Amino acid sequence: MAGHQTLKGKDIMDTLKFKSQIVAKPYFIFALMLFVGQILFGLVMGLQYVVGDFLGGTVPFNVARMVHTNLLIVWLLFGFMGAAYFLVPEEAETELYSPKLAIVLFWVFAAAGTLTILGYLLVPYSTLAEITGNEYFPTMGREFLEQPTITKVGIVIVCLGFLFNIGMTILRGRKTVINMVLITGLIGLAVFFLFSFYNPANIALDKLFWWFVVHLWVEGVWELIMGAILAFILIKITGVDREIIEKWLYVIIAMALISGILGTGHHFFWLATPGYWQWIGSVFSALEPLPFFAMVLYAFNMVNNRRRDHPNKAATLWALGTSVMAFLGAGVWGFLHTLAPVNFYTHGTQITAAHGHMAFYGAYVMIVLTIISYAMPKLRGIGEASSKKAQVVEMWGFWLMTVAMVFITLFLTGAGILQVWLQRLPESGEALSFMQTQDELAIFYWAREFAGVIFMIGLLTYLANFLVDKKEAVKS
Amino acid sequence: MSATFTKSMARNIYYGGSMFFLLLFFGLTMHTTKVMPERDHRENLTEAVERGKGLWEVNNCIGCHTLVGEGAYYAPELGNVFYRRGAGDLDTFKAFLNGWMSVQPLGIPGRRQMPQFNLTEPEVNDLAEFLKFTAEMEVNGWPPNIEG
């Protein structure tokens, strides 16, 4: 990534309200590097779906998947942390409590993350479990929580240090609604992660409480983080009165939590759980699209009623885009299979994969790219915005990735519908087996892989925007 | 939003609403864990089942398979494999599983490959006990058919 140098006659710090915001930069850069890795392994998996023995000996599917999903989680966490280090001082109107701690934690987290990924890739998973002493405190081998126990402890330590730093900054400064919502979301993230240490011998209980991390993160507290970041960006790029933005923010996160907490029930349909969850989960998760719909109205309203024309058009595009794609991916595609009678047939099919891809991209990848788009020109000392040329390249990246993700989702949905038709709807004896069904879905998987390649091209295009402004800067 | 709907009203709905539903959720979860024993049949939770779960975890089986619909979607559902491949009989299932695990990877060109995990026979038997336990949990009638 380019542009570390100060520009001629102009110090980087001039473009930042508070110098300590600069600590966000390594977080954002490392997040984007991991993003590339995530997509690379996504392409490997996508190919393994149709060429089953591709890299089978070196990178078995389970390893590629673990790397793909864990890189996603970790780079989003880097993105959230970078976002917090950037926006909390500006909101609190004070320097970060300890920039040094933020940098130390960056290296600790980056080292722990890199070692964990290398562990996945270089030794068999059971060996990794053995050398990290999993037998003494077993937490490994559960979806998304595959990290060795010692890595999980490291994540907790990094989160505590991070929360301390952010919390002290807020305590010292202005306690805006955005800061309070953001820190609530971040504390919730840390608290619910603690459930990853609970791994009972009874698989039924294990599965129940596993969702306390997974669901209450992505359909709970992460939405607070997303809402806070989006609100910050909208205030900055539209100049709309803070009071109005904050009121919307409260309404959106209220809807998110009121629907999302009991919405957890949509994961309790097919566990060793009472049947009432089928009603509770269906009703409340059917409401989960509402906060995302409100977010679309809000983002477009604020931009339409803007009081200023911010020169960073790319950041505006990301902010609008994330609201729309989160609504489609998390809202619409979630609703498609969230009612218990439908979910009975779709549970654990490619429909779930389709929803997962668009929801994560729309809500969380895009919100992190929104704040990066807004913050990077300032962190690099360029000014309020990148040059027109760089923004055009960035917007090409936006469209390529977003359109590719729409097609990935549509192809996986097609695969999922056919899978349900062949494997789930017929009676035992008439239904095709899982593996026979997969063969029938090959055309969709090839199309998905092709869309995945376009996504990678989009990502590289997006990254190229950082090279454009190596020398020139736009006056704001 | 109209002027009569103020920010403090929105804030109160947020705090009040989320606290209320969080408490309700915890209450329902407590009730759920209280009635779960009659559905998960934890009286069948032997040491072999427990060892089997450990093996399931350290070999990252969930990285390809699903277990009661959760996991990766790359390889067959195993929550009911005890019925599909063992016809609900433990000895049959153990024999099947030992045979199946020992011939991996199948090495059929282009076919998805299951790695060779080099498990011993007692270990595979523990895994079979774990999958039997999973199959015997009552999960509200899922999956729709034997194929999972």
Side-chain angles (χ1 to χ4, degrees), chain A residues 48-49 51-53 56 60-63 65-66 125-126 129 134 138 140-143 146 201-205 207-208 243 246-248 250-251 253-254 257-258 261-262 264 268-275 278 280 344-345 347-350 352-353 423-424 426-428 431-435, chain B residues 1 6-7 10-11 13-14 17-18 21-22 24-25 28 31-33 35-36 39-40 42 45 49-50 53-54 56-64 66-77 105 109-113 115 117 130 133-134 137-140 142-148:
Chain A
Q48 286 175 334
Y49 254 88
V51 184
D53 49 359
F61 181 85
N62 74 86
V63 172
R65 182 176 198 265
M66 199 159 51
Y125 190 70
S126 57
N134 188 59
M140 290 173 75
R142 294 171 304 150
E143 194 186 4
E146 295 93 347
N202 184 346
I203 183 77
L205 283 174
K207 280 175 163 290
L208 187 79
E243 283 295 303
E246 289 176 345
K247 184 160 77 177
W248 273 91
Y250 272 133
V251 170
I253 59 176
L257 292 188
I258 289 170
I261 292 171
L262 284 187
T264 316
F268 297 167
F269 294 164
W270 324 118
L271 295 180
T273 42
Q278 294 181 30
I280 295 172
F344 182 66
Y345 294 102
H347 180 51
T349 63
Q350 294 298 322
T352 317
Q423 183 196 325
R424 289 282 174 79
E427 301 284 319
S428 298
L432 286 193
S433 75
F434 177 89
M435 292 304 282
Chain B
M1 256 167 282
T6 61
K7 191 172 99 179
R11 186 191 57 211
I13 295 173
Y14 163 61
S18 44
F21 283 103
L22 199 61
L24 187 56
F25 177 65
L28 287 169
H31 176 261
T32 297
T33 52
V35 299
M36 269 171 75
R39 293 160 193 274
D40 60 26
R42 62 189 68 174
L45 187 56
V49 173
E50 197 169 332
K53 181 170 185 276
W56 167 269
E57 287 167 358
V58 300
N59 290 291
N60 196 28
C61 306
I62 204 77
C64 291
T66 50
L67 192 69
V68 201
E70 290 157 8
Y73 319 110
Y74 187 70
E77 164 66 35
R111 188 188 189 276
R112 297 181 191 177
Q113 304 288 337
F117 292 103
F130 168 66
F133 178 87
T134 310
M137 291 192 311
E138 291 171 43
V139 291
N140 297 309
W142 198 87
N145 64 41
I146 194 73
E147 300 302 340

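The sequence lines fix the lettering, A, B, ..., with proteins before strands; numbering per chain opens at 1. Everything quoted here is computed from the prediction, not taken from an experiment.
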### Message
Using heavy-atom distances under 4.5 Å, tell me whether Ala129(A) contacts chain B through its side chain, its backbone, both, or neither.
### Response
side chain

### Task
Check whether any side-chain heavy atom of Ile203(A) sits under 4.5 Å from a side-chain heavy atom of Val68(B), and report yes or no.
no

### Query
Within a strict 4.5 Å, meaning less than it, do heavy atoms of the Tyr250(A) and Lys7(B) side chains meet?
yes

### Heavy-atom pair of closest approach, residues Phe434(A) and Glu147(B)
N-OE1, 4.4 Å

### Query
Does any heavy atom of chain B fall under 4.5 Å from the side chain of Leu208(A), the backbone, both, or neither of them?
side chain

### Heavy-atom pair count under 4.5 Å with chain B, highest-scoring of Val63(A), Thr273(A), Leu432(A), Thr264(A)
Thr273(A)

## Note on the structure
Checked Gln350(A), Gln48(A), Glu427(A), Arg142(A) vs chain B; the most non-hydrogen pairs under 4.5 Å come from Gln48(A)

### Query
When only pairs under 4.5 Å are counted, which of Ser18(B), Cys61(B), Ala75(B) shares the most heavy-atom pairs with chain A?
Ala75(B)

### Task
Against chain B, label Pro274(A) side chain, backbone, both or neither, depending on which of its atoms sit under 4.5 Å from a heavy atom there.
both

### Heavy-atom contact with chain A under 4.5 Å, split by part of Pro115(B)
side chain

### Message
Quick check: do Met435(A) and Arg112(B) have side-chain heavy atoms less than 4.5 Å from each other?
### Response
yes

### Task
Tell me, for Glu138(B) versus chain A, whether the close heavy atoms (under 4.5 Å) come from the side chain, the backbone, both or neither.
backbone

### Those residues that, when tested against Phe61(A), pass ring pair (Phe, Tyr, Trp, His ring centres under 6.0 Å) (two or more places apart)
Tyr49(A), Tyr74(B)

#### Entry: Beyond-backbone contact of Met36(B) with Asn202(A), side-chain heavy atoms, under 4.5 angstrom
no

### Message
Is Met140(A) in contact with chain B via its backbone, its side chain, both, or neither, using a 4.5 Å heavy-atom distance?
### Response
backbone

### Query
Just by modelled atom types, is the Asn140(B) backbone N or O under 3.5 Å from a matching donor or acceptor in the Trp270(A) side chain?
no

### Task
Flag the pair Asn60(B) / Arg65(A) as yes when at least one side-chain heavy-atom distance between them is below 4.5 Å, and no otherwise.
no

### Query
Which residues satisfy the ring pair (Phe, Tyr, Trp, His ring centres under 6.0 Å) test with Phe130(B), sequence neighbours excluded?
Trp56(B)

### Task
Taking the side chain as every heavy atom from C-beta outward, state whether Leu67(B) and Glu143(A) have any pair of such atoms under 4.5 Å apart.
no

## Note on the structure
Residue from Thr349(A), Thr352(A), Leu205(A) scoring the most non-hydrogen pairs under 4.5 Å with chain B is Leu205(A)

### Task
Tell me, out of Ala201(A), Gly56(A), Pro138(A), who's got the most heavy-atom pairs with chain B below 4.5 Å.
Ala201(A)

### Task
Provide the closest heavy-atom pair for Asn145(B) versus Ser428(A) in the form atom of the first, atom of the second, distance.
CB-OG, 3.4 Å

### Query
Just by distance, do the side chain of Gln423(A) and the backbone of Gly148(B) share a donor-acceptor pair under 3.5 Å?
yes

### Task
Count the heavy-atom pairs under 4.5 Å between each of Asn134(A), Val51(A), Asp53(A) and chain B, then report the option with the highest count.
Asp53(A)

### Query
Would you call the rings of Phe268(A) and Phe25(B) parallel, tilted or perpendicular if under 30° counts as parallel and over 60° as perpendicular?
parallel

### Task
Considering non-hydrogen atoms only, spot the tightest contact between Ala204(A) and Asp40(B) and give its length.
CB-CB, 3.5 Å

### Message
Among Ser126(A), Gly52(A), Pro426(A), which residue has the highest count of heavy-atom pairs closer than 4.5 Å to chain B?
### Response
Gly52(A)

### Query
Just wondering, do Thr32(B) and Leu271(A) contact through their side chains at under 4.5 Å, heavy atoms?
no

### His347(A) and Pro143(B), any side-chain heavy atoms less than 4.5 Å apart
no

### Task
Find the distance between CD1 (Ile253(A)) and OH (Tyr14(B)) and round it off to the nearest 0.5 Å.
4.0 Å

